Amino acid sequence: MLVSATEMLKKAKAGHYAVGQFNINNLEWTKSVLLTAQELNSPVILGVSEGAGKYMTGFKTVAAMVKAMDEELGITVPVALHLDHGTYEGCYKCIKAGFTSIMFDGSHYPIDENVAKTTELVHVAHALGLSIEAEVGSIGGEEDGVIGAGECADPDECKMVADLGVDMLAAGIGNIHGKYPENWAGLSFDTLDAIQQKTGVMPLVLHGGTGIPEDMIKKAIDLGVSKINVNTECQLSFQEATRKYIEDGKDLQGKGFDPRKLLAPGAEAIRATVKEKMELFGSIGKAND
Ligand code: 13P
């Protein structure tokens, strides 16, 4: 069932768990995430970066595929189709294409411009029943060409943006897209705590979910994080399983070259990663809460 992320995140915040956003790249990714959410009776958010949208030939293709797949697989758990780190133009394209949720990443603009553009998009998104995420501070590292310095968010600016009526707020707290470096200082819980004090019931979003130790994830959820984004970890699981299939020579046996066989171990590996994350985030069994 395609829905906005508003209700599922309100429930997650009140219930002290987090909903996973799993970024999708193609049909296999989408199918793996949807089937796992349904099997575990968990709400889920499908994230689509602008780069992944382009790879899949455009947001219209993505929305049509996700809607049809959701229906044909008989998915009954709440699913939000969400633009990840959207530009201003990208947000409008996704609204038009039929996404149910958008993220406007105005974190690289001066705060006044971030506020002005976010305000406009909040009105447009809400008028059409979509949820909207905004960002303050920046997520370190690089994701599909979006590069962030990784500075921690200012809690007062977070309050200002939360008050614009967004449904979820991404705040930089030392998190990084991709693999964490050996010398990573960890999440800044002081910053997260200060943000949560200022923003109250606002569901907070933790980007860069790949490789964050379990205890830090749990502490972040305790401090108000209700949505956690995972991208790289599913890519690594897929890559490892696919590499093994080929290194074991399975593609050379019988009809092992058939893409439905070749891509099956990777798709299964994504399902295992999504399951592991849903267990950790506490969203299993929460679809009908
Ligand atoms: P990772 O690739 O580090 O899991 O981050 C995902 C993310 O934050 C998507 O916005």
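When a ligand or atom number is given, it counts from 1 through the structure's own listing order. A quick note: this is a predicted structure, and the numbers were derived from the prediction, not measured.
- Here the two rings, on W29 and F238, have centers that are under 6.0 Å apart.
- Checked against a 3.5 angstrom limit, the closest N/O atoms of Q21 and ligand 1 fall outside it.
- Within the 3.5 Å criterion, the main-chain N or O of G186 finds no donor-acceptor partner in the side chain of Y180.
- Ligand 1 places these atoms under 4.0 Å from at least one heavy atom of G178: 1 (P), 2 (O), 3 (O).
- Every atom of ligand 1 with a heavy atom of H85 under 4.0 Å away is listed here by number and element: 10 (O).
- With F189 as the aromatic partner, K219 meets the cation-pi criteria of under 6.0 angstrom to the ring centre and within 45 degrees of the ring axis.
- Close N/O approach between V230 and ligand 1 is not found [any backbone or side-chain N/O within under 3.5 Å].
- Nearest protein heavy-atom neighbour of atom 8 (O) of ligand 1: G208 N, 2.7 Å.
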Can you list the steps and then say if H207 with N229 is a side chain to side chain donor-acceptor pair (under 3.5 Å)?
-> CA-CA 5 Å; H207 282 247; N229 292 6; 3.1 Å; yes
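- In this structure, of N231, T232, N23, the residue bringing a heavy atom nearest to atom 6 (C) of ligand 1 is N231.
- Judged by the 6.0 Å distance and 45° axis criteria, K93 is not positioned over the aromatic ring of F59.
- Every atom of ligand 1 is numbered from 1 in the order shown, and the set under 4.0 Å from a heavy atom of H177 is 3 (O), 5 (O), 6 (C), 7 (C), 8 (O), 9 (C), 10 (O).
- Of all protein heavy atoms, the one lying nearest to atom 10 (O) of ligand 1 is D84 OD2, 2.7 Å.
- Not a single heavy atom of G47 sits less than 4.0 Å from an atom of ligand 1.
- Contact annotation for T210 and ligand 1: heavy atoms of both the backbone and the side chain come within less than 4.0 Å of the ligand.
- Ring centroid separation for the pair H177 and H85 comes in under the 6.0 Å cut-off.
- I45 is listed as a side-chain neighbour of M8, based on a closest heavy-atom distance under 4.5 Å.
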